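Every value quoted in this text rests on a predicted model; they were computed, and no experiment measured them.
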Amino acid sequence: MNTPELRERCARQLQAAKNHARELTAFVGLDGFVDEIIHVVDKRDNAETFHRVPTIASLSARLAGAAGKSANIELVNQLTKLGGNGPIMANALASFGLRVTYLGNLGYPTLHPVFEPFSKVAEVHSIAEPGHTDALEFDDGKIMLGKHYPLKEITWENIQTRFGRDRFAAKFQSANLVGFVNWTMLPYMSDLWAALLKELCPSLKGPRRLLFFDLADPEKRNREDIQRALELIVAFEKHFDVVLGLNEKEAGEIGDVLGINSSVRTPDGLCRLAAELNRALPLNTVVVHPVTFALASSQGKVSLVEGPYIAKPLITTGAGDHFNSGFCLGKLLGLDNELCVLTGVATSGFYVRTGQSPAIPDLIGMLQKWPGPT
């Protein structure tokens, strides 16, 4: 599942291919958020120091206790940063050395200041104002409280008007990696995909390229919306090598929509779930990434790799997006699925420990000095 020999093989292949990464291009979108990373106060010692609510269950109990009464919950901002599945993933890809173009809602007509550093490492285009997320982080997970109304501006019509149809087509038709993420929060994403399948995909030429999808917690969308999105994603497999990325919760939700039993969440159970999802969704690869390990299913074979688990990470918001960027890097460099998963967990493991997106030498160093569970 994860051995020193496997990590050394991955490090060698990354070392051999790191210069090639600078020749690769990625076109990613279409969301954008300003993220505030927040701790919830449990008890205050004084004006400067406090003890935070440690778990989601603890906050839940406090909120339940306020029913029929009232409560005052103090939130303390720890960090304001660029957010959204797309910007985080694209920023991580740029850290690997890829030439990245990003299109989304990062401020319009002027770029929001939080995205200025991102614009220095990638070609960034924005067609709408960003959303806003309060990311409440706990030891056992996070709660994302989002304000999503600007994402209604992400439509095929606005892309053509504010960015340009020809510019979009040029990127879509040439990038080594195309990534469409955060379907759940973009109400017109399925309509956009349908337009691309009808208007741009028939004229695609040349070798097959990589197309990555991340639905991003589809629980709030109805079954018909999810089924339509999945049908559109499968339709892209005619033109691209399609990768569908899911976390554990999302895999269960998609399994439920497809009528697949998703109740067993052990490593073996998730391997079976991934294989069944891949059979129901005939894509190049279906990826599932829980917290402590990750796995990928292609052509009936499932590869599972343990990650460098840390009980108290510096940051968790964006960990899944970093996994996705690492997995896609492996795919682009021609690594097999096992090594792609390992590259993914190494990328997310580095990020949650440091708060920084790794460069390829950072990944190599982490693989060579693998941290034990902490």
Side-chain angles (χ1 to χ4, degrees), residues 1-11 13-14 89 177 179 181 208 210-218 226 229-231 233-234 236-237 240-309 319-349 363 367 370 373:
M1 294 172 69
N2 190 336
T3 64
E5 292 77 18
L6 183 71
R7 296 194 293 270
E8 182 56 35
R9 180 160 65 92
C10 189
Q13 293 196 27
L14 287 175
M89 181 180 177
L177 166 67
V181 299
R208 291 172 68 86
L210 194 66
L211 177 56
F212 178 84
F213 291 96
D214 179 14
L215 296 177
D217 196 4
I226 297 172
L230 295 174
E231 290 168 1
I233 289 170
V234 169
F236 278 104
E237 183 67 30
F240 292 87
D241 289 336
V242 175
V243 176
L244 175 61
L246 304 164
N247 63 25
E248 181 178 347
K249 178 176 181 289
E250 293 159 358
E253 290 165 356
I254 298 305
D256 292 343
V257 169
L258 296 174
I260 297 170
N261 182 3
S262 62
S263 60
V264 180
R265 300 296 178 86
T266 63
D268 286 344
L270 286 171
C271 284
R272 288 192 295 271
L273 175 59
E276 291 185 44
L277 289 174
N278 202 185
R279 279 192 290 271
L281 304 170
L283 306 172
N284 180 279
T285 310
V286 172
V287 182
V288 181
H289 52 93
V291 175
T292 60
F293 61 93
L295 53 109
S297 173
S298 293
Q299 299 179 337
K301 180 182 178 182
V302 179
S303 302
L304 185 149
V305 177
E306 292 177 334
Y309 177 70
D321 303 311
H322 276 78
F323 171 87
N324 293 336
S325 69
F327 185 88
C328 288
L329 173 69
K331 279 285 191 182
L332 290 168
L333 296 179
L335 277 59
D336 61 35
N337 268 1
E338 192 172 36
L339 295 187
C340 289
V341 175
L342 179 55
T343 303
V345 297
T347 301
S348 60
L363 289 185
L367 290 164
W370 194 256

Visitor: What's the spacing between Met89 CE and Asn324 CG if we round to 0.5 Å?
Guide: 5.5 Å

Visitor: Can you list the residues that meet the side-chain hydrogen bond (donor to acceptor under 3.5 Å, both in side chains) rule with Arg265, with sequence neighbours excluded?
Guide: none

Visitor: On a heavy-atom basis, which atom in Leu339 and which in Asp336 lie closest, and how many Å separate them?
Guide: N-OD1, 2.9 Å

Visitor: For Phe327, run the side-chain contact (heavy atoms from CB on, under 4.5 Å) check against Thr347, Leu342, Val243, Val345 and tell me which one passes.
Guide: Val243

Visitor: For Glu276, give me all partners under salt bridge (Lys or Arg N to Asp or Glu O under 4.0 Å), at least two apart in sequence or on another chain.
Guide: none

Visitor: Which heavy atom of Pro218 sits nearest to which heavy atom of Ile226, and what is that distance?
Guide: O-CD1, 3.6 Å

Visitor: For Met1, is there any backbone N or O sitting under 3.5 Å from a side-chain donor or acceptor partner on Glu306?
Guide: no

Visitor: For Ala346, check side-chain contact (heavy atoms from CB on, under 4.5 Å) against everything at least two apart and list the hits.
Guide: Leu363, Leu367, Trp370

Visitor: Provide the full list of ring pair (Phe, Tyr, Trp, His ring centres under 6.0 Å) pairs with a residue in residues 260-295, sequence neighbours left out, each pair given once.
Guide: His289-Phe323

Visitor: Measuring from atom CG of Asp217 to atom CG of Leu246, what distance do you get when rounded to the nearest 0.5 angstrom?
Guide: 11.0 Å

Visitor: What residues, two or more places apart in sequence or in another chain, satisfy salt bridge (Lys or Arg N to Asp or Glu O under 4.0 Å) together with Arg272?
Guide: none

Visitor: Under a 4.5 Å cut-off applied to non-hydrogen side-chain atoms, are Leu215 and Ile254 in contact?
Guide: yes

Visitor: In chain order, what residues pass the side-chain hydrogen bond (donor to acceptor under 3.5 Å, both in side chains) check against Asn284, with sequence neighbours excluded?
Guide: Lys331

Visitor: Quiz question: by atom type and distance under 3.5 Å, do the side chains of Ser298 and Asn278 form a donor-acceptor pair?
Guide: no

Visitor: Please report the interatomic distance CG(Leu277) to CD1(Ile260), rounded to the nearest 0.5 Å.
Guide: 4.5 Å

Visitor: So, do Leu211 and Asp241 sit near enough that their side-chain heavy atoms are less than 4.5 Å apart?
Guide: no

Visitor: I need the Thr343 OG1 to Arg7 CZ distance, nearest 0.5 Å.
Guide: 13.0 Å

Visitor: Measuring only between side-chain heavy atoms, which start at C-beta, is Leu304 closer than 4.5 Å to Asp268?
Guide: no

Visitor: Supply the atom-to-atom distance Arg9 CZ to Leu14 CG, rounded to the nearest 0.5 angstrom.
Guide: 11.5 Å

Visitor: Going by side-chain contact (heavy atoms from CB on, under 4.5 Å), name the residues that satisfy it together with Ala274, two or more places apart in sequence or in a different chain.
Guide: Val288, Leu295, Ser297

Visitor: Does Thr3 have any side-chain contact (heavy atoms from CB on, under 4.5 Å) partners at least two apart in sequence or in another chain, and if so, which?
Guide: Glu5, Leu6

Visitor: Of all the heavy-atom pairs spanning Ser348 and Ala319, show the shortest one and how long it is.
Guide: CB-O, 3.4 Å

Visitor: Does Lys301 have any side-chain contact (heavy atoms from CB on, under 4.5 Å) partners at least two apart in sequence or in another chain, and if so, which?
Guide: Ser303

Visitor: Heavy-atom distance under 4.5 Å between the side chains of Phe213 and Val242, does that happen here?
Guide: yes

Visitor: Can you find a pair of side-chain heavy atoms, one from Leu230 and one from Leu258, that are under 4.5 Å apart?
Guide: yes

Visitor: Going from OG1 on Thr285 to CG on Asn337, what distance comes out if it is rounded to the nearest 0.5 angstrom?
Guide: 5.0 Å

Visitor: Thr266: which residues meet the side-chain hydrogen bond (donor to acceptor under 3.5 Å, both in side chains) condition with it, sequence neighbours left out?
Guide: none

Visitor: Using the side-chain hydrogen bond (donor to acceptor under 3.5 Å, both in side chains) criterion, which residues pair with Glu237? Sequence neighbours excluded.
Guide: Arg208

